[in-house]
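Notes follow once the structure below has been shown.
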Amino acid sequence: MSSVIAFVGLGHMGGPMAANLVKAGHRVLGYDLVPESLAAATAAGVEEAGSAAAAAREADVVITMLPAGRHVLALYREQGLLAAARPGTLFVDCSTIDVADARAAHEAAVAAGHRALDAPVSGGVVGAEAGTLTFMAGGGEAEFTEAEPLLLAMGKRAVHCGEAGSGQAAKICNNMILGISMIAVSEAFVLGESLGLSHQALFDVASTASGQCWSLTVNCPVPGPVPTSPANRDYRPGFAAPLMAKDLTLAANAIREAGVDAALGLNAAALYQAFAEGPGADQDFSGIVRAIRDRSAAPATRPADQNGTPA
Ligand code: NAD
């Protein structure tokens, strides 16, 4: 069944996601503060709305894809998105935001007489363009069932994770595993280098032993063993380090709020924050191996790495 969808936030992710909804036969009313993003979306068949509220006024479903929780909450409340929509409209927020903000957004939508779902994604810009994203949804069963066909028009998989905020919780828990495991793999390679162990030998052992993980076998942080990993193209993203730093900051906020003893999650957040503010600003998150190597013992005490550059 085709729906009228308001889509607010037509950036790197939202633009191609809205375009995929148009391709699936839905009428999409789009809005973004940046005229260039709006123009790119209209070229893909999205109808330009004069404002976010104007788009919401006519919609069955309102989808937001915004930078952070404060943008979502301001749009919902102060900027009148909830007030503009018809009673009972389904609000689906696909942004990656704090679990607490997701719950507050859900409560505000319900208090205004609407229904809500948090549905953050993994899969990046490539997945948004190809329509292969994975959605992690939090909210009621009925809301998930209603949104599912729309999510599957933008992605290949949608998992209902539980009540309000559970989609965001699943996203940050998964990315906390990813951030910690990338640091673990990177530290192991740098330690291996200093012990005279070749990258390939460590890879051959760990990739088929208990150290096996995605950070090693798909996104291997050293060049060579996995030819498609960003390390082989000077760490061009991929999954950019600032996005990993953002997700780990959300995880750290949740860790502190919940009072969980998660030393590695907090450490990973601090390490990625420093990396993303420095050399990692435009690198894949696996580039953190170079920061670890740089902070390690003097190069003279370690062999050259397998690229021929001094380790
Ligand atoms: P982006 O900055 O490219 O897009 C966000 C858009 O929101 C911008 O175009 C901005 O102008 C618009 N915007 C902000 N406030 C607005 C308002 N009040 N009204 C209308 N438009 C407004 O960011 P992105 O890369 O598309 O990411 C969006 C979200 O998806 C983020 O929460 C991010 O963490 C998450 N995410 C991104 C990726 C990725 O690879 N880029 C992957 C997974 C999840």
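Values below: all heavy atoms of this structure, side chains included; hydrogens, waters and symmetry mates excluded. Each ligand, and each atom within it, is numbered from 1 in the order the structure gives.
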Next item on the list: Please state which part of Leu243 comes within less than 4.0 Å of ligand 1, counting heavy atoms only: side chain, backbone, both or neither.
Entry: side chain
Notebook entry, point to check: Got a donor-acceptor contact below 3.5 angstrom from the Thr89 side chain to the Ala85 backbone?
Noted result: no
Notebook entry, point to check: Hey, are Asp204 and Gln200 close enough side-chain-wise for a donor-acceptor pair under 3.5 Å?
Noted result: yes
Check: Looking at ligand 1, does any of its N/O atoms fall within less than 3.5 Å of an N/O of Lys171?
Finding: no
Next item on the list: Can you figure out which of Leu38, Val126, Leu66, Val72 has its heavy atom closest to atom 29 (C) of ligand 1?
Entry: Leu66
Item checked: Residue portion contacting ligand 1 (non-hydrogen atoms closer than 4.0 Å) for Asp32 -> both
Next item on the list: Just let me know how Asp247 lines up against ligand 1, side chain, backbone, both or neither, with a heavy-atom cut-off below 4.0 Å.
Entry: neither
Check: Would you say Met13 has any N or O atom under 3.5 Å from an N or O of ligand 1, going by distance alone?
Finding: yes
Notebook entry, point to check: Does a side-chain N-to-carboxylate-O contact under 4.0 Å join Arg103 and Asp98?
Noted result: no
Note to self: Checking contacts here: is it the side chain or the backbone of Met17 that comes within 4.0 Å of ligand 1, counting heavy atoms only? Could be both or neither.
What the structure shows: neither
Notebook entry, point to check: Which residue pairs satisfy the side chain to side chain donor-acceptor pair (under 3.5 Å) criterion with at least one member in residues 229-243, sequence neighbours excluded?
Noted result: Ser229-Asn232, Asp234-Arg290
Checklist line | Per-atom contacts of ligand 1 with Lys246, taking only distances under 4.0 Å to non-hydrogen atoms | finding: 31 (C), 32 (O), 33 (C), 34 (O)
Checklist line | Polar side chain donor-acceptor pair, Asn174 to Asp247, under 3.5 angstrom | finding: no
Margin query: Through direct or indirect side-chain contacts below 4.5 angstrom among Ile, Leu, Val, Met, Phe, Trp and Tyr, which residues connect to Val205?
Written below: none
Notebook entry, point to check: Cut-off 3.5 Å, side chains only: do Thr96 and Gln168 have a donor facing an acceptor?
Noted result: no
Checklist line | Side chain, backbone, both or neither: Pro67 near ligand 1, heavy atoms under 4.0 Å | finding: both
Checklist line | Heavy-atom nearest neighbour of atom 30 (O) of ligand 1 within options Glu36, Met65, His12, His71 | finding: Met65
Margin query: Check whether Asn20 reaches the backbone of Met154 with its side chain - one donor and one acceptor, N or O, closer than 3.5 Å.
Written below: no
Checklist line | Any N/O pair Thr96/ligand 1 closer than 3.5 Å | finding: yes
Next item on the list: Check ligand 1 against Gly9 and write out every atom of the ligand that is under 4.0 Å from a heavy-atom position of the residue.
Entry: 7 (O)
Check: So between Leu33, Leu10, Val121, Leu250, whose heavy atom ends up nearest atom 19 (N) of ligand 1?
Finding: Leu33
